[in-house]
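Below, all heavy atoms of this structure are taken into account, side chains as well, without hydrogens, waters or symmetry copies. The model shown is predicted, which means the values in this text are computed figures rather than measured ones. All residue numbers in this chain count up from 1 along the given sequence.
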Amino acid sequence: AIDLSDFNGYSASLSIIIADRANRGQGYGSEALRLMVSYAESLGLQILRARVLAENKISRQMFSSAGFVCVGTDNFELSLPYSATRSDLL
């Protein structure tokens with residue numbers, strides 16, 4: 001499951017869940033993350049957030065590798081590139 005929630009035009013929260021254990025470790029989460037970051041950029045978002053439990057080391061590494069920064073115990077944030085198109089609308 002992939003979800004983009006708490007969308008406010010500036011930021012959103014992202015969640016990716018690979019429920020079937022047989023599909024874990026296949027790169028699906030990384031691909032979903034890459035696509036969602038690209039989609040967030042196309043929407044003009046500036047911050048993407050994700051909550052990742054401390055014990056989920058693989059997911060934490062995936063978000064860190066994608067440029068997300070840990071801000072707190074279970075929270076990660078990614079600052080997206082400045083969007084001229086979005087800023088022109090404001």
N/O donor-acceptor pair under 3.5 Å between Ser65 side chain and Gln61 backbone |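 Indeed, once roles are kept as given, a pair shorter than 3.5 Å links the two residues.
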Give a yes or no answer on whether the side chain of Ser42 reaches the backbone of Tyr39 with a donor-acceptor pair at less than 3.5 Å.
->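 A pair under 3.5 Å: yes.
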With [X] via side-chain contact (heavy atoms from CB on, under 4.5 Å) - residues at least two apart:
| X | value |
| --- | --- |
| Arg24 | Ile18, Arg21 |
| Ser11 | Asn8, Ile47, Arg49 |
| Asp20 | Ala22, Asn23 |
| Thr73 | none |

Would you sort out whether Glu77 and Val69 count as a side-chain contact (heavy atoms from CB on, under 4.5 Å), showing the intermediate values?
-> CA-CA 5 Å; Glu77 280 190 0; Val69 176; 5.7 Å; no
How long is the gap from CG on Leu45 to OG on Ser79, to the nearest 0.5 Å?
->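 Leu45 atom CG to Ser79 atom OG measures 12.0 Å (nearest 0.5 Å).
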Interatomic distance, Arg60 atom CZ to Glu55 atom CD [nearest 0.5 angstrom] |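 Taking CZ in Arg60 and CD in Glu55, the distance rounds to 9.0 Å.
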Name all residues meeting the salt bridge (Lys or Arg N to Asp or Glu O under 4.0 Å) criterion together with Asp74; count only those two or more places apart in sequence or in a different chain, and write none if there are none.
->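 Partners of Asp74 under the salt bridge (Lys or Arg N to Asp or Glu O under 4.0 Å) test: Arg51.
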Applying ring-ring contact (aromatic ring centres under 6.0 Å, His included), name anything that partners Phe76, two or more places apart in sequence or on another chain.
->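 So Phe76 forms no ring-ring contact (aromatic ring centres under 6.0 Å, His included) with any residue.
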Worked verdict on Val52 versus Phe68 for side-chain contact (heavy atoms from CB on, under 4.5 Å) | CA-CA 11 Å; Val52 184; Phe68 282 72; over 6 Å; no
4.5 Å side-chain heavy-atom contact, Leu14 and Phe63 |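 Touching, per the 4.5 Å side-chain cut-off.
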Can you check whether Leu35 reaches Ile2 side chain to side chain, under 4.5 Å on heavy atoms?
->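 A side-chain contact is absent here, since even the closest heavy-atom pair is not under 4.5 Å.
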Verify the cluster assignment for Leu78 and Leu43: are they in a single hydrophobic cluster under the rule of side-chain heavy atoms below 4.5 Å apart?
->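 Same cluster.
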Quick one: do Leu33 and Ile17 end up in the same hydrophobic cluster if we chain Ile, Leu, Val, Met, Phe, Trp and Tyr together by side-chain heavy atoms under 4.5 Å apart?
->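 Result: no, two separate clusters.
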Applying side-chain contact (heavy atoms from CB on, under 4.5 Å), run through Tyr28 and Ile16 and close with a yes or a no.
-> CA-CA 10 Å; Tyr28 299 131; Ile16 300 171; over 6 Å; no
